[in-house]
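Quick notes on the structure that follows.
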Amino acid sequence: RITSFVRSMEKKHEGVVMTDIQDATDPQIKPMMKQKYGFKTHGLVFFARDGETVQTTMDGHLMTNEEIEATLNQVLAGAE
């Protein structure tokens, strides 16, 4: 559900938003996600245009599409 919505945001903001979806249940990825981003289980990371600087994160799986889009719009507004 979230994956398809996030991919739709990439299409909606073509050329501006890029997605890289990782399997947070993968035993090789899960520890990195916890250490690097503080996720208990999984979440979303929003980067600046440089692709390195973390703008914000959303932790967990109970976020709504509306919350994701609002956060993305805040990040994009700050990038202008």
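Everything quoted here is computed from the prediction, not taken from an experiment.
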Hydrophobic clustering (ILVMFWY, side-chain heavy atoms < 4.5 Å, transitive) - are V54 and I29 grouped together? yes

Separation of N65 CG from F5 CZ (nearest 0.5 Å): 4.5 Å

Tightest non-hydrogen contact, residues T41 and A24, listed as O-CB, 3.6 Å

Does F46 belong to the same Ile/Leu/Val/Met/Phe/Trp/Tyr cluster as M9, with side-chain heavy atoms less than 4.5 Å apart forming each link? yes

For a quick test of reading the model, state the closest non-hydrogen atom pair linking K30 to K40 and the distance between them. CE-O, 4.5 Å

Mind checking the CD-CG spacing from E10 to L72? Nearest 0.5 Å is all I need. 11.0 Å

Within one Ile-Leu-Val-Met-Phe-Trp-Tyr cluster: I21 and M63, side-chain cutoff 4.5 Å: no

So CD1 of I68 and CG of L44: to nearest 0.5 Å the spacing works out to 5.0 Å

Sequence neighbours left out, what passes side chain to side chain contact (heavy atoms under 4.5 Å, CB included) with S4? Give chain and number order. none

Examine V6 and V45 and state if one hydrophobic cluster contains both, with Ile, Leu, Val, Met, Phe, Trp and Tyr joined whenever side-chain heavy atoms are less than 4.5 Å apart. no

Give, for atom NE2 of H42 and atom CE of M33, the distance between the pair rounded to the nearest 0.5 Å. 9.5 Å

Are side-chain heavy atoms of K12 and E69 found at a separation under 4.5 Å? yes

Report yes or no: do V16 and V75 belong to one cluster of Ile/Leu/Val/Met/Phe/Trp/Tyr joined by side chain heavy-atom distances under 4.5 Å? yes

What distance separates H13 NE2 from L76 CG, expressed to the nearest 0.5 Å? 5.5 Å

Please identify each residue that fulfils salt bridge (Lys or Arg N to Asp or Glu O under 4.0 Å) with E67, with sequence neighbours left out. none

Any residue meeting side chain to side chain contact (heavy atoms under 4.5 Å, CB included) with D50, in chain and number order, not counting sequence neighbours: A48, E52, T53

When rounded to the nearest 0.5 Å, the distance separating OG1 of T56 from CZ of F47 is 11.5 Å

